[in-house]
Structure formats: structure tokens, C-alpha cells
**Student:** 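I'd like to ask you about the structure that follows.
Every chain is numbered from 1 and lettered A, B, ... according to where its sequence line falls, protein lines coming before strand lines. Side-chain atoms are counted along with the backbone in the values below, which use heavy atoms only and exclude waters and symmetry mates.
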Amino acid sequence: MNFLSELSQLHVASAIQKSAAEYIRRGFPSKQTEEWRYTSLKPLSEADLQSAVSSKLLLNTSLKIEDLKLESSAKYFRQDFFDQLSLLNPHKLQRIEIPPSKTEYIGLENIIENGEYFNSVLVIDLMPHSKLTLNCSSQVSGGFANTKIILNMEANSQCEVLASYKMFSRSFAVSTFESYQKKHATLRFISLAKGSDLLRQNISCSLLEEGASSEINGFNLLKESLSVDCNVHSNHLAPHTTSRQFFKTILSENSKSVFQGRIYIEKQSQKSDAEQLSRSLMLSKKCTVDTKPQLDVYADDVKANHGAAIGQLDANEMFYLQSRGLSKEQSLNLLISAYGLEIVDKLQSTDLRKIAKSYLSGQGDLS
Amino acid sequence: MLEIKNLKAQIEDNQILKGLNLKVKQGEVHAIMGPNGSGKSTLAKVISGHPDYQVTEGEVHFEVNMKQKNLLEMEPYERAREGVFLAMQYPIEVPGVSNFTLLYTAFNEICKHQGVEEMSESDFRKFVEKKCQIVGMNPSFLDRSVNEGFSGGEKKKNEILQLLVLNPRVALLDETDSGLDIDALRVVSEGVNKYKNSHNAVVLITHYQRLLDYIEPDFVHVLYKGKIIKSGDKTLALRLEKEGYDWLIKDIQ
Ligand SMILES: Nc1ncnc2c1ncn2[C@@H]1O[C@H](COP(=O)(O)OP(=O)(O)O)[C@@H](O)[C@H]1O
Ligand SMILES: [Mg+2]
């Protein structure tokens, strides 16, 4: 039995949940939907999954965690299949506030096991001049995780996020991050993913006021017949805003990667500066890469660049390492880590960098 | 120790080595000279197993502890673990892989293969830092990416550092002297002389007598159009320095 049929038997009380139930009943988004053009959700729609217990999400923080009421949280859910799914059956719906001028750390661990699915929404409000280091790790083995994190960033707040994913076979994840950034609020986001049947990332930064900046970086290491589908949106909604998107992917065997990066610069957002770059390394001839950059620029005095490159492993580098006595596998693993290191090195927090480096060096640990 | 018989090799259907013979014994230093494009680098890369080259004929034997090994049947890393080392004419940059990681991994793999005890990371660092001194390299280079952003001279010194650390049975040095100023040349030569002993062997590929002033060869060979056309002692190099290759090349045409 697929898990949507289980959901249809769910008792829904409120009006917003009723409308969510109706939305879900229409079924999964198909490839006809522009946003899902490159990725099929059929395997997920056919998976046999049951609602997980809420302890699947562990929060490590000294701050107060507030449980949100559904009625007052409607604004956090968009007209999107997976958002509506969370709304219909939220396992966790929480809020944390980072007090003004405070420096805080939040660790978030999501472990989903065989046969379960889990929906969660976490809202983090960063007060002015606050600083947050956020370490989100997801591990999915044979289940489905649908998580959403919303960062409301007040003026001059700073946030650095490490989102790491370990996806074992027959696993699915839809991971959504949304930031809303006021004056001079800065976000640095590093995503590291390996494995996965399907990992869909929706990362959207709204730069609402002058001086806001976002930097979204990702490194994906894909094997077997796995795919990662990254959707990254930088929305420049005010003048003098800056955004960067930089994704690197290594593909082997039959893996598949999709990168849909959008830069949107509104008419009044003059002097904005946006860049997007995606690079892929193909280790086999059977893997595929789809890159779709989208530049919607309505202001005339801005910088907006994008680039995409697909390459192969450098045979001379491989030979050089082997000629020193490293096996093929050792050489390959070093070069793979080296490729991801450029992304990891963007992290400023030494703690996050340490975690990220050990993630990189443990690259064979999914089998 | 190293015996090459009738070696023929090609790259993309270009025959480059056309029946080359060379015998190198323990404790010997051989210099290979010859005009550009003769196939000197090709020879060095074929011995170390570069995948771009196909061997169409011939044999390369390597003797280790009285046992004969056919190098041509081995992967590049297996050759390295048996003790073949190539200092490249153009050392490769490997961004994101530190010199230390490369050296430490390689060193322990070679130890494992040869049945010698491996070293702990901290002992190894001390050991390598001593070797850095020999080639005048600041130990901070160890934590930088392999050859990335190194000057030409630093790259060559780095190759010699690797030679000193990995201590192979045979060292093939491909134009390690080219592009070096006099001071760097002296440092590099001293490094090679520290490495050299009666149990190993050195094959120097060079254009210049000046390197041979520092590292004295037992034999000098001239490689031309894929074959060794003349062999002699160190006086041959002196004559080449004075007269060039014309007198030799004329003879064979
Ligand atoms: N990748 C390649 N493809 C085709 N020909 C090559 C390639 N590399 C080298 N050669 C040719 O092989 C010959 C020998 O080159 P090389 O061994 O580098 O000479 P040397 O080191 O003696 O100067 C030259 O004629 C050169 O042009
Ligand atoms: Mg050469």
C-alpha cells in the first residue's frame, strides 16, 4: 500500500488541513510540472511507507524549543506538494529564537529508517545581530524524510549552515531551506550529499533589504542509479544585495544529477551582484547531468553571471598519485575528496569544517 | 637490476621507442642524453607505466631480492611499491591533496608492500621535516596542495623530496635540472647524492653537462629517434657538450 492511501484515512480537524488533504489527493507532481521536469517521483509514490514517530528528529540546543500551533503556522506552508504533506501530517512543527546579539549553535539530526516517512518544519528566528551555527545532518536508510527549515533573519544577523545527507539505497529525501534576510543579514550554506535514491533540495534565499547576502554551496557524490535534484533560488528583492551559488557534483555508475539554479533580480534591486556556477565530474559514461540555469533579471545596473562545466577526472593526476605507490582506489578517493574540499573550505566555523572533512574522508561508508 | 630489451612503444599510433636496450646494475648512475623529441621522457614514462603509451614489443625486467619481475605486466602503483620512482620533467599539480597526505600514504603503502613496519603520523612528520631540510624546503610546504602554485624550481625540489622519503630502488630523473638556477641545481644534486648508494641505481635524463659535474655518471648514453645510438663513459658527455650531437647523428643517417 502506498503511503498516500494511509494518509487519506487520517483524521483531519481543521480547515487548512482539509484543504491540504485535497491538495495531496491530486497526487504527486508529475514531470509535466516545470519544477519537476527532470526527476520522476514514481519510485517514491510506489514506496510502502508508514508514519514515523516524532523522535526521529533530534535537536541539540540550549535554547528554548517552542511547539507551534498549526493554525498560526499556515504562512510557512506554500502551495507545494511536500509543504502540503507536512501540513497534513506534521510530525514536528517547531520554532527556535536566537536572541539579539547572541552567538548560538544548533545541532539537528534526522535519522529515518526502513519503511517510515517523516515530515517536519523548523522555524528559526534570528534576532538582530545574532549569530547562528547550524549543523543539520540527515541519514535516510530505506525511508522518506520531508524536512523544511525556515530562517527568518533580522538585520545584521549571520548564519552558517552545514547540511549533510547520507542516503542509503531505496531512500528519499525532500529537503527545503528558505531564508528571508533583512538588512545586512548574511547566510552561508554548505550542503554535502552522497548516496541517495533521490534527494531533492529546494533552497531559496530572499534578500529583502539592502546589504543582505547569501552564499549557497554544495558538493554531491553520487553512485549507482542515484540522483540529486538541486533547486536553488536567489531572489534579489532589494538594491545592493549579493548572492552566490556554487555546486560541484561527482557522478559514477548510472547516477544522475540535476541542477536548476535561478537568479531573480527585481526591477528596483539595482547594484545587485549574483553569480552561479555548477561543475560536474563524470566518472562513467552512463551518468547524466542536467543543468538548467535561469536568469530573470529586471534591473539594468547589476552583475549576474552563470557558468556550468562538465569534465572528466584528470588522467595525469591519477597517474601521478599511482606512480608514488597509491592504488587506483586510493588515488581516486583522494581526488574525490580534493574536489569536494573546495566547497568544504568555504566553511568558517572550525567545528563545522571538522565535521565536513570527516564526512568527505568517509566517502565509501554507504555500502 | 633494471634490464630493458628491444623496447618498442607508441602513443596514438606514433612509434616513439624503436627497439631500445639498456642495462642498469645496482650502484650505477646512468645518464641519458639526446636531442629534444628523441623519446627520453617516453622511456621514463613507459618504465613507470603511464597509461598513454602502448608497448608493442620488448621487455622490461626489474630484479628485486634476486627475483625477476616483469614490470610491463604491473600497474603503475605496483611498480612504485617495488621501488621504481620517476621524477617527472613536468611535475603534476594536484589541487586539494596535500604533499603530506600523498607522502604519508605512499610511504606506508610501500612499507606495507615491502614488509617493513609502517610509521605513525607524528614520527613520519619528523622524518619528512628532516628530509625537507636537505632540499631546503620549508616544512610548511607539506601542508600545501601537491605542486599547486609552486615555482618551477620548487616543483623539482618537491620531486627530490619525494625521492628521499620514498627511497626507491631505482630513480628515473627526467630533466630534474632544467629550469634550475645554480643554487637550486646544487641543492637538488646534493639531494640525489644523499639518496644514491651501492644498493640502488639512478638514471638521469639531462641535456647538460653541468648536472653531471655534481652527479658523476658511470655510463652515458645517447638516445636518438627511439634508440640508444651510442654509449660511453663520462667523457662522452664532455664531448657532447663541446660538439653537440651532429657527429653522431650524421653517422647513422
Ligand atoms: N601525447 C603525445 N601525442 C603524440 N606524440 C607525442 C605525445 N607525447 C610525445 N609525443 C612525441 O613523442 C616524441 C618523443 O617525445 P619525448 O619522449 O617527450 O621526447 P624527449 O623527452 O626526448 O624530448 C616527440 O616527437 C613528441 O612529439
Ligand atoms: Mg623530455
**Student:** Show the nearest heavy-atom pair for residues A/R324 and B/A80, with the distance to one decimal.
**Tutor:** C-CB, 3.8 Å
**Student:** Please classify the contact between B/S145 and chain A as side chain, backbone, both or neither, with a heavy-atom cut-off of under 4.5 Å.
**Tutor:**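 Contact with chain A is absent: no heavy atom of B/S145 under 4.5 Å.
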**Student:** Please report the interatomic distance CD(B/E93) to OH(A/Y320), rounded to the nearest 0.5 Å.
**Tutor:**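 These two atoms lie 10.0 Å from each other.
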**Student:** Out of curiosity, B/I92 CD1 to A/M318 CE, how far, rounded to the nearest 0.5 Å?
**Tutor:**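 CE of A/M318 is found 13.0 Å from CD1 of B/I92.
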**Student:** Got A/F319 and B/S48 here, is their nearest side-chain heavy-atom distance under 4.5 Å?
**Tutor:**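 Heavy-atom side-chain distance check passes, below 4.5 Å.
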**Student:** Does B/Q68 have more than 12 heavy atoms from other residues, nucleotides or ligands lying within 6.0 Å of its CD?
**Tutor:** yes
**Student:** Look up atom CD in A/Q330 and atom OH in B/Y77, then write down how far apart they are to the nearest 0.5 Å.
**Tutor:** 9.0 Å
**Student:** By a 4.5 Å heavy-atom criterion (distance strictly below it), what part of A/L326 contacts chain B: side chain, backbone, both, or neither?
**Tutor:**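 It is both, since atoms from each part get that close.
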**Student:** Between A/A338 and B/V97, what is the shortest heavy-atom contact and its length?
**Tutor:** CB-CG2, 3.9 Å
**Student:** Under a 3.5 Å distance rule, please check whether B/R81 uses its side chain to pair with a backbone N or O of A/G325 as donor and acceptor.
**Tutor:**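 Such a contact is found between B/R81 side chain and A/G325 backbone.
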**Student:** Give, as side chain, backbone, both or neither, the part of B/L166 having an atom under 4.5 angstrom from any heavy atom of chain A.
**Tutor:**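 For B/L166, the contact with chain A is made by the side chain alone.
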**Student:** Looking at A/K131, I'd like to know if its NZ atom is crowded, meaning that more than 12 non-hydrogen atoms belonging to other residues, nucleotides or ligands lie closer than 6.0 Å.
**Tutor:**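 Result for NZ/A/K131: open.
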**Student:** Can you tell me which portion of B/L102 sits under 4.5 Å from chain A's heavy atoms? Options are side chain, backbone, both or neither.
**Tutor:** both
**Student:** Got a sec: does the OH of B/Y90 have more than 12 other heavy atoms crowding it under 6.0 Å?
**Tutor:**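 For B/Y90, atom OH is not crowded (no more than 12 foreign heavy atoms under 6.0 Å).
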**Student:** Shorter than 4.5 Å, heavy atoms on both sides: which option in B/L86, B/V84, B/I110 has the most such pairs with chain A?
**Tutor:**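 Of the candidates given, the most pairs with chain A belong to B/L86.
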**Student:** Is it the side chain or the backbone of B/E75 that comes within 4.5 Å of chain A heavy atoms, both, or neither?
**Tutor:**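 The side chain, not the backbone.
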**Student:** Do A/N316 and B/H50 come within less than 4.5 Å of each other through their side chains, counting heavy atoms only?
**Tutor:** yes
**Student:** Rounded to the nearest 0.5 Å, how far apart are CZ of B/R79 and OG of A/S323?
**Tutor:** 11.0 Å
**Student:** I'd like to verify something: which residue of A/K328, A/E342, A/Q322 has the highest number of heavy-atom pairs under 4.5 Å with chain B?
**Tutor:**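 When all of A/K328, A/E342, A/Q322 are compared, A/Q322 has the most.
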